[in-house]
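Worksheet for the structure shown next.
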Amino acid sequence: MEELLKMTSVLSGIDRVAAEQWRPLKSERLGLLANQASVDSRLTSTREVISHLFPGQLKALFGPQHGYGGEDQDNMVETPHSREETLRIPVFSLYAESRDPTSAMFDLLDTLVIDLQDVGARIYTFASTLLNCMKAAARYGKRVVVLDRPNPLGGDVVEGNLLEPELYSFVGPYRIPMRHGLTMGELARVFNHEFALDCDLTVIPMEGWRRQMLWNDTGLRWVMPSPNMPFPDTAIVYPGQVIWEGTHLSEGRGTCRPFEIFGAPYLDTTAIRQRLSANALAGCSLQEYLFRPTFHKWAGSLCRGFMIHVLNPHAYQPYYTSLSLLKAILEIHPREFEWKEPPYEYEFKKMPIDLITGSLSLRRGLEAGESLPLIREGWQRELRSYVQWRRPYLLYA
């Protein structure tokens, strides 16, 4: 275990709380929003660290999508409330009949501690859960303490169009790009100011994290933050590969490498590959791949598709690569291809692909055969503005 600590170049927020015996939490009634990936550098759960540092003060646990233990697989698979038997405290699901904490939940605590591992993509729902908790805390007069963690994609590179306000949803809480380059602590600062929440917010920053760091630079162990995010490589492809959730192609759920593997029974992989430009495959290689999902889309059917191998994560552009693949599939398989119909993440009218991309025009442009490089050029100006806009919220160089 000491060797593990020596390899760690980054201390997360929970490591700093433990090292500094963070006194402002003394005597407070505490709630903790966390899951199985909420661990310190010794792989001790944040629940154990908090309950040891502040005996008897932890009054409730809260779990995001997939559950406090990360046990539930898919979108709109709700997790029931439960109980933590060791501490004899309730475990409230924030992905149940409601995604909003209630006053009854917050009556049990003075401060909500939030320790969630994000994956750096706008669509990942932990950011929306963070926002909902901050809104509730402001409403009920409670404090929020965010224990920060690395963005596994780093904090320098951003990619994609900014979310259009009419498409705000549980997979798009604010006008940020798909690959946003922010940590959870920085997102909390954005939300508090931009939504004028007036939340009593404290962020415990990491020590040693720099914006150019990818996950493998941190020295930290990867613990799956959700069931289909098994490796840091999954997180790298996710800001692009998540678009398949808005189609009837398999995004690889039901395989051992979700999001890296994708396809459908009818794909002509040779024709698709030939349709792609060199720029579309920057930093990655496509391996033609046969797979049979054990569950989810096309369960039990032989699918033809690809596995994405990321060769240079600094050159790879996940959103552009996956949109290029989508465009090629639309052109080669216009009759077989289908968009997924609503509902999607509790939106029952809007098209899932529009919610995912955060754009009403992107799908239509692809369907109309517009040039993807020109589409991408259209969002570069607002992306440059975003990089300047986010500066006041950044905690790390």
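No hydrogens, no waters, no symmetry mates; every other heavy atom, side chains included, goes into these values.
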Test your reading of the model: is there a side-chain donor-acceptor pair from [X] to the backbone of [Y], 3.5 Å cut-off?
X: N228; Y: P258; value: no
X: R189; Y: Y393; value: yes
X: E370; Y: A368; value: no
X: R363; Y: L360; value: no
X: K59; Y: D107; value: no
X: E347; Y: L355; value: no
X: N35; Y: P225; value: yes
X: Y174; Y: F195; value: no
X: D72; Y: V77; value: no
X: E260; Y: D233; value: no

[Y] side chain reached by [X] side chain, heavy atoms, under 4.5 Å:
X: P177; Y: L383; answer: yes
X: P293; Y: C303; answer: yes
X: H81; Y: M105; answer: yes
X: M134; Y: N192; answer: yes
X: L220; Y: S41; answer: yes
X: R376; Y: L323; answer: no
X: L30; Y: L32; answer: no
X: D354; Y: K350; answer: no

- Is there a donor-acceptor contact under 3.5 Å linking the side chains of N161 and Y319?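 Note: N161 and Y319 side chains meet the donor-acceptor criterion.
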- Message: What I want to check is whether the side chains of T125 and Q65 have a donor and an acceptor closer together than 3.5 Å.
- Response: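 Yes, side-chain donor-acceptor contact under 3.5 Å.
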Enter the distance from [X]:[atom1] to [Y]:[atom2] here, rounded to the nearest 0.5 Å.
X: Q117; Y: T183; atom1: CD; atom2: OG1; value: 10.0 Å
X: M184; Y: L147; atom1: CE; atom2: CG; value: 10.5 Å
X: T269; Y: L325; atom1: OG1; atom2: CG; value: 11.5 Å
X: Y320; Y: L281; atom1: OH; atom2: CG; value: 10.0 Å
X: H180; Y: R122; atom1: NE2; atom2: CZ; value: 9.0 Å
X: R179; Y: N151; atom1: CZ; atom2: CG; value: 8.0 Å

Grab the two heavy atoms, one from [X] and one from [Y], that are nearest each other, plus how far apart they are.
X: T255; Y: G252; value: OG1-O, 2.7 Å
X: A37; Y: V223; value: CB-O, 3.5 Å
X: E28; Y: P24; value: CG-O, 3.6 Å
X: Y124; Y: S226; value: OH-OG, 2.6 Å
X: M351; Y: K340; value: CE-O, 3.6 Å
X: M229; Y: M224; value: O-CG, 3.5 Å

Let me check something: do [X] and [Y] share a hydrophobic cluster, defined by ILVMFWY side-chain heavy atoms less than 4.5 Å apart, either directly or through other members?
X: I243; Y: I308; value: yes
X: F54; Y: L108; value: no
X: M206; Y: L394; value: yes
X: V242; Y: V171; value: yes
X: W298; Y: L290; value: no

Over 12 non-hydrogen atoms of neighbours within 6.0 angstrom of [atom1] in [X]:
X: R304; atom1: CZ; result: no
X: R83; atom1: CZ; result: yes
X: D198; atom1: CG; result: no
X: H52; atom1: NE2; result: no

- So Y346 and F348, would you call those rings parallel, tilted or perpendicular, with 30° and 60° as cut-offs?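 Judged by the thresholds at 30° and 60°, the geometry between Y346 and F348 is perpendicular.
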- Measure the acute angle between the ring planes of Y289 and F291, then classify it against the limits of 30° and 60° as parallel, tilted or perpendicular.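 Correct class here is tilted.
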- Determine, step by step, whether Q73 and F295 satisfy the side chain to side chain contact (heavy atoms under 4.5 Å, CB included) criterion, reporting the C-alpha distance in whole Å, the side-chain angles of both residues, the deciding distance to 0.1 Å, and the verdict. CA-CA 10 Å; Q73 272 281 346; F295 60 87; 3.7 Å; yes
- Message: As a test of understanding, state which of V113, L61, L94, D115 forms a side chain to side chain contact (heavy atoms under 4.5 Å, CB included) with L33.
- Response: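 Only match with L33 under side chain to side chain contact (heavy atoms under 4.5 Å, CB included): L94.
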- Message: By the definition ring-ring contact (aromatic ring centres under 6.0 Å, His included), identify the one residue from F231, W222, W209 that meets it with W215.
- Response: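 Exactly one pass, corresponding to W222.
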- Message: Please determine whether a side-chain nitrogen of the Lys or Arg among E194 and R175 lies less than 4.0 Å from a carboxylate oxygen of the Asp or Glu.
- Response: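 Salt bridge absent between E194 and R175.
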- Start with the C-alpha gap between T270 and R273, add the side-chain angles, then the distance that decides, and say whether side chain to side chain contact (heavy atoms under 4.5 Å, CB included) holds. CA-CA 5 Å; T270 300; R273 184 195 292 275; 6.0 Å; no
- Task: List the steps, then state whether side chain to side chain contact (heavy atoms under 4.5 Å, CB included) holds for R143 with L25.
- Result: CA-CA 10 Å; R143 183 163 59 146; L25 293 180; 4.2 Å; yes
- Message: Using the rule salt bridge (Lys or Arg N to Asp or Glu O under 4.0 Å), only one of E251, E338, E245 pairs with K297; which is it?
- Response: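 Of E251, E338, E245, salt bridge (Lys or Arg N to Asp or Glu O under 4.0 Å) with K297 is met by E251 alone.
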- Stepwise, does the side chain to side chain contact (heavy atoms under 4.5 Å, CB included) test hold for Q287 with F306? CA-CA 5 Å; Q287 177 189 3; F306 299 97; over 6 Å; no
- Query: Under the side chain to side chain donor-acceptor pair (under 3.5 Å) criterion, do N132 and T129 qualify, and how do the steps go?
  - Reply: CA-CA 5 Å; N132 289 348; T129 299; 5.5 Å; no
- Message: Looking only at the aromatic ring of each residue, does the gap between the centers of F126 and Y95 stay below 6.0 angstrom?
- Response: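 Not close enough - the centres of the two rings lie 6.0 Å or further apart.
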- Quick one: are the ring centres of H248 and Y266 less than 6.0 Å apart?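 Here the rings of Y266 and H248 have centres that are less than 6.0 Å from each other.
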- Message: Go through it in stages, so that I can follow the logic: the residues are S82 and Y68, the test is side chain to side chain donor-acceptor pair (under 3.5 Å), and I'd like the CA-CA distance, side-chain angles, deciding distance and then a yes or no.
- Response: CA-CA 10 Å; S82 60; Y68 176 77; over 6 Å; no
- Show the numbers, then the answer: is there a salt bridge (charged side-chain N to carboxylate O under 4.0 Å, His left out) between E186 and R211? CA-CA 12 Å; E186 291 169 340; R211 306 205 78 79; 2.7 Å; yes
